[in-house]
Amino acid sequence: MGQQGKDNFRDTIGTLNDEGKRSWIFPKKPSGKFYKYRKYVSYILLVFLFSAPFIKIQGNQFLLFNVLERKFNIFGFPFWPQDFHLFVIMMIIGVIFVVLFTVAFGRLFCGWVCPQTIFMEMVFRRIEYWIDGDRGKQIRLSKMPWNAKKIKKRLLKWSIFFIISFLIANVFLAYLTGSDELIRYILEGPLNHTSTLISLLIFTGVFYFIFAWFREQVCIIACPYGRLQGVLLDNKSIVVAYDHKRGEKEEGRAKFRKNEDRETTGKGDCIDCFQCVHVCPTGIDIRNGTQLECINCTACIDVCDHMMESVHLPKGLIRYASEENIEKKTKFTFSSRLKGYTAVLGILIAVLIGMLFLRNDIEARILRLPGQLYERKAENIISNVYTYKLVNKTTKSIDEVSFKLISHKGEITVVSHEIFEVPAQGLAEGTLFIEINNSALKDDKERVIIGVYNKKELIETTSASFLGPRSYK
């Protein structure tokens, strides 16, 4: 790096000024190949985000995270508290996938997929460009006294921001309580659901605060992912990088002069136009190297390519590249570290798929009634009392359900109904007695296996502890 780069190397957060106060960022409106691709990806993800709670597969909401009622739907598959182990495995798979992706491609998730970036850059900032104009106009408007023009623009922008924040809060509620509940709240009127309305307004305020004021500070201060990438990245990771070898050369970066031959002068290809800084949504200078604030949004790539074309220099001064690629011109390789993460990820995915195939539609739990001993009946029959709970994980009711003893010769008597129904996405619970002849028992405490049948089909098995007398020994 040339002397000029050393003099202005940043050692503080880019959004703080010399007095330690917030330095407001007015990024230039990006344009170019990568920005166009990011818009397509963002629009697809926005459509998915707003439609997912209203899509149903076999009666199940496509995505549902109802923590209060402990109901979760992932891609249309319902998950109950009894499936918590599956949920944990999916979370671990998600974490390892992000780790693997970060090791290989840096903070690509943040720039292309993260909801914070998509809403901030592709929704709220685009509205801001439409109302306030590009970077120069935004700076002038900020410094302008509060006259009629500024008040009009601010009220219009803030009103639209609030409406969008309220819409996001409603969609967020649909993920938490279910789209059917949200529609019911709307049809019945907000005054009939004041507590829900208050919650919506709170979430609206949070989203408004984030996108209207906190903005890029979420990525710089609040999000732990930027710090995590410092641990995960190595010199082989593909990131948005400045080619300092080409940009600095022997004499460092310098302003462009018409018709000069930079090869002869030894000056780097970087013409020190600061366009990469002006377009950055987090206010950093990518020429200072990989930084935790960089969200790999590619805005600096597009604007740098445009400037290189303007001065008839090769594009790619800022590009997707690894440190090793810039230093040694080596290509990306699948390192042993990546192979290890991939192997772990593959094993976990295989385990999850296997568990999903083995997962039953009904979950049975039978437990001995606490504090109750066995009861001796006529003809040497030993009886134990139990409580049962059956959870139906499907959207269809399961009728004609009954219990049968599998491991021992004996009888199961269900209190009130021998054959009963388990409602759709509901549960059936009650009390039952298991009676076994004393001669069939080999110990004073045994495990008995109980089958749950739908008509004559075995749909689930479970076990319980059975107590008997010691006198049979």
So the side-chain hydrogen bond (donor to acceptor under 3.5 Å, both in side chains) pairs with at least one residue in residues 137-155 (sequence neighbours excluded) are D132-R154

* Are any side-chain N or O atoms of Q291 and backbone N or O atoms of D285, one a donor and one an acceptor, separated by less than 3.5 Å? -> yes

- Message: Do E324 and D234 make a side-chain contact, defined as non-hydrogen atoms from C-beta onward lying under 4.5 Å apart?
- Response: no

Item to complete: Could you please spell out the steps behind the salt bridge (charged side-chain N to carboxylate O under 4.0 Å, His left out) verdict for R365 and E460?
Response: CA-CA 10 Å; R365 178 163 294 185; E460 174 67 317; over 6 Å; no

Cationic tip of R135 above Y129 ring, under 6.0 Å, 45° of axis
no

Problem set entry | Proximity of F211 and F161 rings by center, below 6.0 Å | no

message = Could you check whether H244 and E327, counting side-chain N and O atoms only, form a donor-acceptor pair closer than 3.5 Å?
response = yes

field: Short side-chain to backbone donor-acceptor contact, N60 and G76, under 3.5 Å
entry: yes

Whether F34 and Y37 hold their rings parallel, tilted or perpendicular, with breakpoints at 30° and 60° | perpendicular

By side chain to side chain donor-acceptor pair (under 3.5 Å), Q275 pairs with (sequence neighbours left out) K28

Residues at least two apart in sequence or cross-chain that pass ring-ring contact (aromatic ring centres under 6.0 Å, His included) with F209, listed by chain then number, are W213, F214

Residues pairing under salt bridge (charged side-chain N to carboxylate O under 4.0 Å, His left out) where one sits in residues 36-60, two or more places apart or in two chains, turn out to be K56-D180

### Query
Below 4.0 angstrom, N of the basic side chain to O of the carboxylate: do R215 and E128 qualify?
yes

Subject >> Criterion side chain to side chain contact (heavy atoms under 4.5 Å, CB included) on F420 and L390, from CA distance to verdict >> reply: CA-CA 11 Å; F420 53 93; L390 300 180; 3.6 Å; yes

query = Side chain of D305, backbone of K315: donor and acceptor closer than 3.5 Å?
reply = no

field: Step-by-step side chain to side chain contact (heavy atoms under 4.5 Å, CB included) determination, C276 to I318
entry: CA-CA 9 Å; C276 58; I318 302 175; 3.9 Å; yes

State whether the side chain of E69 and the backbone N or O of K71 hold a donor-acceptor pair below 3.5 Å, judged by distance alone.
-> no

For A169 and T204 the tightest heavy-atom approach is CB-OG1, 3.5 Å

message = When you measure from the centre of the six-membered ring of W24, is the NZ or CZ of R22 closer than 6.0 Å and no more than 45° off the axis?
response = yes

Salt bridge (Lys or Arg N to Asp or Glu O under 4.0 Å) test vs R287 passes for just one of D269, D272, D243, namely D272

Taking every heavy atom of R246 against every heavy atom of G316, the minimum-distance pair comes out as NH1-C, 3.6 Å

For F72, the ring-ring contact (aromatic ring centres under 6.0 Å, His included) test, sequence neighbours excluded, returns F87

Those residues at least two apart in sequence (or on a different chain) that pass ring-ring contact (aromatic ring centres under 6.0 Å, His included) with Y185 are H193

Worksheet item: For the side chain of S179 and the backbone of P53, is there at least one donor-acceptor N/O pair under 3.5 Å apart?
Response: yes

Flag for Y35-E121: side-chain donor and acceptor within less than 3.5 Å: no

Is it true that, when you exclude F97 itself, more than 12 heavy atoms of the residues, nucleotides or ligands shown sit nearer than 6.0 Å to its CZ?
no

Point to revise | Exam field: side chain S237 to backbone V103, donor-acceptor pair closer than 3.5 Å | key: yes

